[in-house]
Participant: 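Just passing along the structure, written as structure tokens.
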Amino acid sequence: MNLITEMEEEKRNSFPFPLFVIFFLLSIPGPLFVHSQCIQKPVIFNFGDSNSDTGGLSEGLGIKFGLPTGRTFFHKPAGRLCDGRLMIDFLCESLSSDYLTPYLRSVGPNFTNGANFAISGSATLPKDRPFNLYVQIMQFLQFQSRSLELIPKGYKDLVDEEGFNNALYTIDIGQNDLAAAFTYLPYSQVIQKIPSFVSEIKDAIWNLYQHGGRKFWIHNTGPLGCLPQKLAAAYANANASDIDNHGCLQSLNNAAKEFNTQLRVACGELRSALTNVTIVYVDVYAIKYDIIANSVSNGFENPLIVCCGYGGPPYNFNQSVTCGQPGFNTCNEGLKYVSWDGVHYTEAANAVFASKILSSQYSSPKLPFNFFCSNK
């Protein structure tokens, strides 16, 4: 499995919840590296969980993530629960835009190209719990109001009214709602809760629309049943009957697919109900599942084995010794693993995800990501 001995570097606590790697990046299909011809950098406001958290949890709770997070690209911890860049980072790169600054960064923030409200561990419900989606939306509204108040007074590095109205609003959330529900509910009751999760996302889009938002980019949730964390738990409980042909848990994936079906319907309803709005629904589930099911053709090995974890095959995941805790080990840098720590993906996987997103083949409607940038 090419696991090396324990790293003698700064370690971090794990939450359950530019220099390129040239040879890998050159192997990625073209769309990722065809940068837009935007005359003006787009403004992006992002909402979500750890799949798109560029440092919000670290800033908000004062937590300093240690190595090996960030080792691949940043060569130091960068507030991301990953060895490098996330999908949102690659999407920003495709527009020649700076990475999104966490909203909660208190020292030296630059919000001219937007802000990131995503926080690791976030969900849609309960809505008033920090930092779930409703709270993120409330933070945004305060940010918007305060920015428009301060700009006339000469404050810099903020977004003006035109920027808010022309901004792209991206949402990637729902994984933690399903994961939490499965910890205390049977499958049938998890399915019954899905409409309430989707309703919160729908309400968030409505709220942003009422405050000027007209452009939305919505990611559905990924294959929960393919996360090594979930597979290791099922393996420990000798629950093999639920495993599909590619080694993933069918029940968890079926719940994710039901969530996605309802989210897609909700996006369609909003397109019909709102005027002058563009809502793109992106099938991230299909993208992520494909990299598991066709790992070899995608250039990956060991799609269900954790790069940073403990325990060896079949998953190298142990809830008591997660990535960053005493005793963990990591795969050799440069190997193409899909899973970073059992819950989050590697930079290598995120690069492929972003490339497929940029192809527009998984989007409904099939609009390119750079459709939203300003050419004026």
Side-chain angles (χ1 to χ4, degrees), residues 18-19 35-50 52-65 70 73-80 82 84-120 122 130-131 133 135-172 204 207-217 369-370 372-376:
L19 177 64
H35 292 275
S36 74
Q37 300 303 311
C38 299
I39 294 175
Q40 181 178 346
K41 290 182 180 180
V43 173
I44 300 174
F45 293 107
N46 181 67
F47 307 86
D49 53 29
S50 58
S52 59
D53 179 1
T54 56
L57 181 67
S58 178
E59 299 283 353
L61 299 185
I63 298 167
K64 183 180 180 181
F65 297 151
F73 177 75
F74 302 100
H75 305 294
K76 62 180 181 179
R80 295 153 171 83
C82 177
R85 289 164 289 184
L86 308 176
M87 285 192 297
I88 190 67
D89 295 317
F90 285 107
L91 294 179
C92 286
E93 283 185 7
S94 76
L95 300 178
S96 300
S97 179
D98 296 332
Y99 301 137
L100 292 180
T101 300
Y103 164 71
L104 293 174
R105 179 165 295 164
S106 60
V107 179
N110 185 331
F111 296 118
T112 53
N113 69 314
N116 194 353
F117 295 84
I119 301 286
S120 298
S122 296
F131 292 95
L133 182 59
V135 173
Q136 292 179 28
I137 298 298
M138 292 301 101
Q139 289 177 322
F140 165 78
L141 296 180
Q142 185 179 67
F143 173 84
Q144 181 185 46
S145 174
R146 188 68 171 148
S147 296
L148 298 180
E149 175 186 331
L150 292 175
I151 286 176
K153 299 179 180 180
Y155 283 78
K156 307 297 183 182
D157 298 334
L158 296 172
V159 178
D160 60 17
E161 185 171 7
E162 181 181 4
F164 282 107
N165 292 337
N166 292 326
L168 175 62
Y169 295 84
T170 60
I171 299 177
D172 187 338
N207 207 337
L208 292 171
Y209 175 84
Q210 290 172 334
H211 288 85
R214 293 296 182 269
K215 304 170 183 177
F216 299 92
W217 187 268
F369 192 63
N370 64 8
F372 298 98
C373 71
S374 174
N375 296 301
K376 297 180 181 180

Participant: Roughly how far, to the nearest 0.5 Å, is CZ of R214 from OH of Y209?
Facilitator: 4.0 Å
Participant: For F131, what residues pass the ring pair (Phe, Tyr, Trp, His ring centres under 6.0 Å) criterion, not counting sequence neighbours?
Facilitator: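 In terms of ring pair (Phe, Tyr, Trp, His ring centres under 6.0 Å), with neighbours along the sequence ignored, F131 is linked to no residue.
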Participant: In residues 100-117, what donor-acceptor pairs under 3.5 Å come from side-chain atoms, sequence neighbours left out?
Facilitator:
{"unit_1": "T101", "atom_1": "OG1", "unit_2": "N110", "atom_2": "O", "d": "3.1"}
{"unit_1": "R105", "atom_1": "NE", "unit_2": "E59", "atom_2": "OE2", "d": "2.9"}
{"unit_1": "R105", "atom_1": "NH2", "unit_2": "E59", "atom_2": "OE2", "d": "3.4"}
{"unit_1": "N110", "atom_1": "OD1", "unit_2": "T112", "atom_2": "N", "d": "3.0"}
{"unit_1": "N110", "atom_1": "OD1", "unit_2": "T112", "atom_2": "OG1", "d": "2.7"}
{"unit_1": "N113", "atom_1": "ND2", "unit_2": "S97", "atom_2": "OG", "d": "3.2"}
{"unit_1": "N113", "atom_1": "ND2", "unit_2": "D98", "atom_2": "O", "d": "2.8"}
{"unit_1": "N116", "atom_1": "OD1", "unit_2": "N46", "atom_2": "ND2", "d": "2.9"}
{"unit_1": "N116", "atom_1": "OD1", "unit_2": "A118", "atom_2": "N", "d": "3.0"}
{"unit_1": "N116", "atom_1": "ND2", "unit_2": "S52", "atom_2": "O", "d": "2.7"}
{"unit_1": "N116", "atom_1": "ND2", "unit_2": "T54", "atom_2": "OG1", "d": "2.9"}

Participant: Please evaluate residues L208 and F47 with respect to the criterion side-chain contact (heavy atoms from CB on, under 4.5 Å), reporting the C-alpha separation (whole Å), side-chain torsions for both, the decisive distance (0.1 Å), and the verdict.
Facilitator: CA-CA 11 Å; L208 292 171; F47 307 86; 3.9 Å; yes
Participant: Any chance you could measure L91, atom CG, to T170, atom OG1, to the nearest 0.5 Å?
Facilitator: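 That separation rounds to 8.5 Å.
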Participant: If you round to the nearest 0.5 Å, how far is CD of E161 from CG of N166?
Facilitator: 10.5 Å
Participant: What's the shortest heavy-atom distance between S120 and L57, and which atoms?
Facilitator: CB-CD2, 3.7 Å
Participant: Applying side-chain contact (heavy atoms from CB on, under 4.5 Å) to V159 and F45, what does each step give before you reach the verdict?
Facilitator: CA-CA 11 Å; V159 178; F45 293 107; 3.9 Å; yes
Participant: Under the side chain to side chain contact (heavy atoms under 4.5 Å, CB included) test, which residues partner S58, sequence neighbours left out?
Facilitator: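 Scan of S58 (side chain to side chain contact (heavy atoms under 4.5 Å, CB included), adjacent residues dropped) gives F65.
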Participant: How many angstroms lie between CH2 in W217 and CD1 in I171, if you round to the nearest 0.5 Å?
Facilitator: 13.5 Å
Participant: For D89, enumerate each residue passing the salt bridge (Lys or Arg N to Asp or Glu O under 4.0 Å) test, keeping only those at least two apart in sequence or located in another chain.
Facilitator: R80
Participant: With side chains defined as the heavy atoms from C-beta onward, is the minimum distance between L168 and P42 less than 4.5 Å?
Facilitator: no
Participant: Apply side-chain hydrogen bond (donor to acceptor under 3.5 Å, both in side chains) to N165 and list each qualifying residue two or more places apart in sequence or on a separate chain.
Facilitator: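 Per chain and number, N165 pairs via side-chain hydrogen bond (donor to acceptor under 3.5 Å, both in side chains) with no residue.
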Participant: Verify, without hydrogens or angle tests, whether Q144 (side chain) and F164 (backbone) share a donor-acceptor contact under 3.5 angstrom.
Facilitator: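 Checking the backbone N and O of F164 against the side chain of Q144, no donor-acceptor pair under 3.5 Å is found.
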Participant: Kindly compute the distance separating CG (D53) from SG (C82), expressed to the nearest 0.5 Å.
Facilitator: 11.5 Å
Participant: side-chain contact (heavy atoms from CB on, under 4.5 Å), that's the test. Do N207 and L141 meet it? Break it down for me.
Facilitator: CA-CA 9 Å; N207 207 337; L141 296 180; 3.7 Å; yes
Participant: Which atom pairs, one a donor and one an acceptor, fall under 3.5 Å between side chains of residues 147-157 and the rest of the protein, sequence neighbours left out?
Facilitator:
{"unit_1": "S147", "atom_1": "OG", "unit_2": "F143", "atom_2": "O", "d": "2.7"}
{"unit_1": "E149", "atom_1": "OE2", "unit_2": "R146", "atom_2": "NH1", "d": "2.8"}

Participant: Measuring from S122:OG to L133:CG, what's the distance to the nearest 0.5 Å?
Facilitator: 8.5 Å
